[in-house]
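Input: a single structure, listed below in C-alpha cells.
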Protein chains: 2
Amino acid sequence: MQDNDTAGAEDGTSRPDGRAANPLILKLESLAPLSADDRAVLERISAKPHLVPAGTDLIGEGDKPDGVYLVLDGIACRYKLRASGARQIMAYLVPGDYCDLDVAMLKAMDHSIGTLSACHVVRISLDVIQALLRDHPGITHALRLATLVDEATLREWLVNVGRRSAEERIAHLMCELLLRLRAVGRTAGDGYALPITQEDLADTTGLTSVHVNRTLGSLKQRGLIALSGRQLRILDLAGLETLAEFKPNYLHLGGRDAA
Amino acid sequence: MQDNDTAGAEDGTSRPDGRAANPLILKLESLAPLSADDRAVLERISAKPHLVPAGTDLIGEGDKPDGVYLVLDGIACRYKLRASGARQIMAYLVPGDYCDLDVAMLKAMDHSIGTLSACHVVRISLDVIQALLRDHPGITHALRLATLVDEATLREWLVNVGRRSAEERIAHLMCELLLRLRAVGRTAGDGYALPITQEDLADTTGLTSVHVNRTLGSLKQRGLIALSGRQLRILDLAGLETLAEFKPNYLHLGGRDAA
DNA sequence: CGCGTGGTTGAGGCACTTCAAGGGCGGTGG
DNA sequence: CCACCGCCCTTGAAGTGCCTCAACCACGCG
C-alpha cells in the first residue's frame with residue numbers, strides 16, 4: 001500500500017484535505033483493527049505537535065520519566081553513551097513510534113532518548129496514557145502489540161551487530177526501515193527520506209563512520225541502493241534483502257505487506 | 001544449582017526445610033513487594049517442574065506460542081540462527097526468568113528459546129497467566145516491571161556487542177549475572193555456577209569461541225576471575241566492574257543491591 | 001565569504017577470525 | 001575396570017575486516 005491516497009505527490013504523507021495522515025493510527029492499524037472511535041481518540045491525542053530540532057534530548061538517562069513521547073515526523077532514537085563518549089543507538093523512533101508505555105513504573109531512565117533529525121513530537125502525559133489504557137481496550141491491545149514488535153526489533157538489531165558483516169548490517173537496517181516507513185505512509189516506491197548522518201548510522205550498527213562511508217559506497221557500486229541528499233532509493237530490493245538475509249517476520253505486520 | 005541443599009551452606013539457595021527458595025518469588029520481590037497471598041499463588045504455579053536436558057528447544061522460531069515457560073534452575077536462552085548456522089543468543093533465562101507474558105498476542109514466535117544447561121522448567125498455560133493478570137494486581141505489577149527490566153537488559157547487551165571490546169563484553173556479562181543470580185539466591189559470595197560452554201559465551205557476545213577462550217585467559221591472568229569446571233569466582237569485583245564500565249542501574253534492583 | 005558540519009579517501013595497524021591440531025575429561029560399553 | 005569416544009577446552013599461525021589517524025573536499029548557513 002505504498003502509493004495510497006494518490007492525490008498529492010509522494011504517498012500518504014498528505015491527504016485531500018492537506019493534512020498529513022496520522023502515522024500512529026496507520027501504524028496501529030497495521031497491527032490490529034481500530035474502531036472509528038479509537039481513531040478519533042488517537043487523532044485528538046496527537047494534535048498540536050512540537051517541533052524539536054535535531055540533536056535534542058527528549059529524556060536523558062537518570063531522569064524520571066514524565067510522560068510518553070510520540071514522534072509524528074522525523075527520526076529520534078534511544079541511545080546510551082559510554083564514559084569514552086562512544087554512543088550506541090538502540091532503537092529508532094520513526095513516525096508513529098513512541099517510548100514505552102509502562103515506563104512510568106520506573107524511577108529513572110536507564111538510557112536517553114533524543115532526536116536525530118528535526119522532529120514533530122507530542123508529549124502525552126501519564127494521566128492521558130492511563131486513561132487510554134483503562135478506557136480503550138482496542139487501543140490498548142494495539143499498543144501492547146506494538147511494544148512486542150519494538151522488543152522483537154531490538155532483538156533483531158542485536159543479531160545485526162553480533163552476527164552480520166558491515167554490508168549486511170546496513171542492508172538489513174535499510175530493509176527494515178522500508179517496511180516500517182511504508183506502514184506509516186512515509187515511503188515513495190522503494191525509497192524514503194533518511195535524515196540522519198553517517199555517524200548516526202555508525203552508532204546504530206556498531207561501526208565507525210569511516211567504515212559506514214566505505215560500506216555505503218560498496219552498496220552503491222553493487223547497484224543495490226542510491227543515496228544522496230539524505231534520500232535513499234533502493235534500486236534492487238530483492239538483492240538487498242538477499243544480502244541482508246532479511247526476514248520481516250519479526251515486525252509482525254498483519255500480512256498484507258508481510259512476506 | 002551447584003551445591004545447595006547442603007543444609008544452609010552458601011546463601012539463600014536453601015531454606016531450613018530443605019527446599020530451594022522459589023527464584024520467581026525472590027526475583028519479583030527484588031522489584032516490588034508481594035503479599036503472602038501473592039507468594040502462595042506463585043509457589044503453587046511453580047510446583048512440579050520438568051527436567052529438560054541441555055540443548056533442548058522449548059519453543060522454536062515459527063511456532064505458535066502455547067504458554068509461558070518459567071525457568072527454576074539452569075540456564076536457557078533466546079536465540080536466532082542465520083542460514084549459515086551462525087547463532088546469536090539474545091537473552092539468558094536464569095532461575096526466576098520466564099518468557100514473555102504478552103506473547104500469546106502473536107501468531108508465531110520470531111525467535112527460538114532453548115536450554116543451554118539442563119534446566120528445571122515449568123510450563124504455565126495461557127489460561128493461568130490470564131487469570132493471574134486479572135486477579136492479582138500485585139503480581140501483575142511485578143511481572144510488568146520484570147518485563148521492563150528484560151528489555152533494558154536487552155538494550156545493554158546491544159551496547160555490549162556494539163561498543164565494547166571482547167574483554168569488556170565478557171566482564172560486563174559476568175557482572176550482570178552476579179547481580180541477577182544473587183537476586184535469586186544462586187550465588188556463593190562473588191562466585192556462581194556458569195553451566196554453559198565457551199561457544200555459548202561466544203554466541204552471546206558476538207565473538208568466536210577461540211577468541212572467548214583467549215579472552216577468558218587474559219581475564220584470569222589479570223587476576224580478575226577464576227573459572228574452572230563451570231564454576232566462576234570473581235576475584236576482584238571492583239576491578240571487573242571498572243573494566244566493564246558496569247553500571248547496574250538498568251537492572252532496576254530495588255536499592256538493596258543497587259549501586 | 002568564511003566557517004562548521006558531514007562526507008570522502010588513503011595508509012597503516014590491530015582486534016578478532018579462520019583454520020588446524022592436540023589434549024583433558026567425563027561418560028559409556030565391553 | 002579399563003579403553004574408547006565425543007565434547008569441549010586450549011594453543012599456534014596466518015589472514016582480514018574493520019579501526020585509527022589524518023587529510024581534504026562539498027555544501028549550507030550566517
Side-chain angles (χ1 to χ4, degrees), chain A residues 53-56 75 82 84-89 114-118 160-173 193-222 225-232 243, chain B residues 2 53-56 75 82 84-88 115-118 160-173 193-222 225-232 243-244:
Chain A
T56 311
I75 299 188
R82 294 199 54 182
S84 64
R87 176 177 65 157
Q88 178 67 45
I89 292 176
T115 55
L116 293 176
S117 71
N160 220 23
V161 298
R163 285 286 180 250
R164 277 194 262 257
S165 71
E167 274 197 342
E168 292 168 343
R169 289 180 209 183
I170 292 178
H172 195 280
L173 181 63
L194 190 60
I196 66 178
T197 67
Q198 292 184 1
E199 183 144 9
D200 296 333
L201 270 177
D203 291 344
T204 303
T205 50
L207 301 167
T208 60
S209 63
V210 171
H211 199 62
V212 164
N213 182 282
R214 293 194 228 269
T215 306
L216 287 173
S218 93
L219 291 175
K220 289 174 194 170
Q221 207 179 351
R222 284 158 166 267
I225 62 165
L227 177 61
S228 76
R230 311 226 156 148
Q231 199 68 28
L232 175 74
L243 171 64
Chain B
Q2 61 266 40
T56 310
I75 299 187
R82 293 198 54 183
S84 64
R87 178 178 61 158
Q88 178 66 46
T115 56
L116 294 176
S117 72
N160 220 24
V161 298
R163 284 290 180 245
R164 277 193 262 259
S165 70
E167 274 197 340
E168 292 168 344
R169 289 181 209 184
I170 292 178
H172 195 281
L173 180 63
L194 190 60
I196 65 178
T197 68
Q198 294 184 359
E199 182 144 10
D200 296 333
L201 270 177
D203 291 344
T204 303
T205 50
L207 302 166
T208 60
S209 63
V210 172
H211 199 61
V212 164
N213 182 280
R214 293 194 229 268
T215 305
L216 287 173
S218 90
L219 291 175
K220 289 175 193 167
Q221 205 178 350
R222 284 159 166 266
I225 64 164
L227 178 61
S228 77
R230 311 225 156 151
Q231 198 67 28
L232 174 74
L243 171 64

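Naming convention: chains lettered A, B, ... in sequence-line order (proteins, then strands); numbering from 1 in each chain. Below, each value reflects all heavy atoms present in this structure, side chains not excepted, and no hydrogens, waters or symmetry copies.
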Check every strand shown and say whether [X] touches a base, only sugar-phosphate, or nothing at a heavy-atom separation below 4.0 Å.
X: A:Gly55; value: nothing
X: B:Arg230; value: sugar-phosphate
X: B:Ser209; value: nothing
X: B:Gly206; value: sugar-phosphate

Could you check how far [atom1] of [X] sits from [atom2] of [N], rounded to whole Å?
X: B:Leu219; N: D:dT10; atom1: CG; atom2: P; answer: 13 Å
X: B:Glu199; N: D:dC7; atom1: CD; atom2: P; answer: 12 Å
X: A:His211; N: C:dG13; atom1: NE2; atom2: P; answer: 19 Å
X: A:Glu168; N: D:dC18; atom1: CD; atom2: C1'; answer: 14 Å
X: A:Leu227; N: C:dT8; atom1: CG; atom2: P; answer: 8 Å
X: A:Arg169; N: D:dC18; atom1: CZ; atom2: P; answer: 7 Å
X: B:Leu201; N: C:dC16; atom1: CG; atom2: C1'; answer: 16 Å
X: A:Leu207; N: C:dA15; atom1: CG; atom2: P; answer: 17 Å

So, is A:Asn213 near the phosphate of C:dT8, with a side-chain N or O under 4.0 Å from OP1 or OP2? yes
N/O (side chain, B:Gln198) to phosphate O (OP1/OP2, D:dT10) under 4.0 Å: yes
Answer yes or no: is there a donor N or O on one side and an acceptor on the other, between the side chain of [X] and the main chain of [Y], under 3.5 Å?
X: B:Gln88; Y: B:Asp203; result: yes
X: B:Arg164; Y: B:Arg169; result: no
X: A:Ser209; Y: A:Ala202; result: no

Euclidean distance, B:Arg163 CZ relative to A:Ile89 CD1, rounded to 0.5 Å: 9.0 Å
Of all the choices, C:dG6, C:dT8, D:dC8, which nucleotide is nearest to the side chain of B:Thr197 once you look at every atom?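 Nearest to the side-chain atoms of B:Thr197, counting from C-beta on, is D:dC8.
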Out of D:dA22, D:dC19, C:dT18, which has the shortest distance to the side chain of B:Thr208?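 Nearest listed nucleotide: C:dT18.
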Side-chain donor/acceptor contact of A:Arg214 with base of C:dG10 under 3.5 Å: yes
Would you say that more than 12 heavy atoms from the other residues, nucleotides or ligands in this model lie under 6.0 Å from the CD of A:Glu168, or not? yes
